[in-house]
Protein chains: 2
Amino acid sequence: MAKSKSFHHGDLKRALMRAALEILDEDDVAGVTIRAVAKRAGVSHAAPANHFPDRRALLTTLAAEQFEWIFDAIQAGSSRDDLMPIDRIAVLFDVFLQFGLEHPYRYQLLWRYDLIDHDADILREPADRVYDFLTGEIGKIICRKTVDPDTVAVAIWSMMHGYLDLRMTGMFEDRQDIISGKPRAQAILSIISDYLEGLRAAP
Amino acid sequence: MAKSKSFHHGDLKRALMRAALEILDEDDVAGVTIRAVAKRAGVSHAAPANHFPDRRALLTTLAAEQFEWIFDAIQAGSSRDDLMPIDRIAVLFDVFLQFGLEHPYRYQLLWRYDLIDHDADILREPADRVYDFLTGEIGKIICRKTVDPDTVAVAIWSMMHGYLDLRMTGMFEDRQDIISGKPRAQAILSIISDYLEGLRAAP
């Protein structure tokens with residue numbers, strides 16, 4: 001009996017995804033192939049075919065799971081009733097930052113549109129949930145409208161992504177802001193807060 | 001007589017850099033090797049050795065030239081006496097954006113610290129000139145200090161880089177801001193302006 005037969009329905013997929021994530025964390029996306037994942041999960045290299053027709057499908061599912069994790073973490077961190085929209089945006093910012101700094105290869109995979117299918121429902125849905133969370137909170141804040149909430153969301157997302165990417169390349173180091181004494185990432189978040197507060201203020 | 005002998009001092013280096021830039025634009029950095037550059041310049045593969053001991057030195061010089069070009073473009077665009085600091089920051093933002101969108105492979109090379117030597121004087125000096133321009137203009141604006149000018153510079157640089165990088169991956173498309181009617185990049189720049197104006201205002 002082939003080893004893969006010993007898996008219950010669903011178990012094999014979970015085992016494959018766990019193996020894929022382990023390899024991603026060790027070797028970056030280059031190491032994550034159907035064959036390597038099957039080997040790590042201890043099944044034949046034909047076994048994954050039912051779940052993942054090709055590497056692109058595997059990587060897309062892997063990226064989708066990361067977005068789901070990110071969204072769940074944002075939800076969990078922002079569920080308290082007394083949080084203001086700006087606090088909820090701070091949670092999103094913080095979740096991305098920690099996720100990216102702790103798991104750079106997972107973070108980088110999210111933007112590898114050359115390797116993943118960003119139109120696939122499985123990926124688009126959790127990614128849209130994160131983006132909609134951000135635009136939703138921005139929409140609650142903006143009173144004095146000089147730009148639309150999408151532009152503000154794109155600006156915040158760009159800042160978050162750019163800071164993370166330049167931390168990963170080594171261009172930016174982890175410094176403290178001299179005036180506030182905060183770690184730089186938190187000081188950047190306070191810039192976003194100040195800007196959004198300014199939008200709320202009467203013209 | 002070897003073909004490389006026909007170059008005057010300096011001419012060979014210029015010819016090699018021109019060849020390297022052509023290959024970069026066509027093939028991304030992967031194609032830019034000492035051998036490929038020598039071949040494109042029509043010299044023996046040993047000829048570049050006087051100027052570039054290895055590929056890292058070649059790529060570092062190539063990146064340094066891009067930063068020099070960027071700084072010159074910023075200088076040229078911001079030399080008018082009647083420009084305010086925020087206008088000069090807008091010039092920097094615009095130069096980077098156009099440079100990145102028109103020459104994505106050149107832009108990406110700037111952050112390939114795995115392939116270039118970001119501590120080399122030849123690269124650090126023009127990169128620092130650009131960064132110092134940004135912090136200098138921010139320093140002229142900031143009156144109400146809640147964060148230091150470096151944090152504001154890192155935030156603006158992050159936003160610029162993140163937007164460009166996510167445009168390149170395909171995550172962001174070139175849209176118009178609905179309220180202002182501006183292209184999104186210009187609307188993002190207006191967010192930076194609004195924030196900086198807020199810092200100038202009395203508390």
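Each chain gets a letter, A, B and so on, in the order its sequence line appears, and its residues count up from 1.
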More than 12 heavy atoms from other groups under 6.0 Å of CZ on B/Arg56: yes
Residue A/Asp82 excluded, over 12 heavy atoms near CG under 6.0 Å: yes
Drop me the distance from [X]'s [atom1] to [Y]'s [atom2], to the nearest 0.5 angstrom.
X	Y	atom1	atom2	result
B/Asp177	A/Thr146	CG	OG1	8.0 Å
B/Ser158	A/Ile188	OG	CD1	4.5 Å
B/Asp148	A/Ser180	CG	OG	7.5 Å
B/Thr151	A/Ile178	OG1	CD1	8.0 Å
B/Thr169	A/Gln108	OG1	CD	12.5 Å
A/Tyr113	B/Leu166	OH	CG	7.5 Å

For chain A, the option from B/Arg112, B/Arg167, B/Met171 that forms the most heavy-atom pairs under 4.5 Å: B/Met171
Option that, when pairs with chain A are counted at under 4.5 Å, heavy atom only, ranks first among B/Ile156, B/Val154, B/Asp194, B/Ile192: B/Val154
Proximal component of A/Tyr163, with respect to chain B [non-hydrogen, under 4.5 Å]: both
Chain B contact via A/Gln186 - which portion, at a heavy-atom distance below 4.5 Å: neither
Shortest non-hydrogen contact between A/Ile191 and B/Ala155, atoms and distance: CD1-CB, 3.8 Å
Stepwise side chain to side chain contact (heavy atoms under 4.5 Å, CB included) test for A/Asp150 and B/Arg175: CA-CA 10 Å; A/Asp150 265 330; B/Arg175 295 262 175 83; 5.8 Å; no
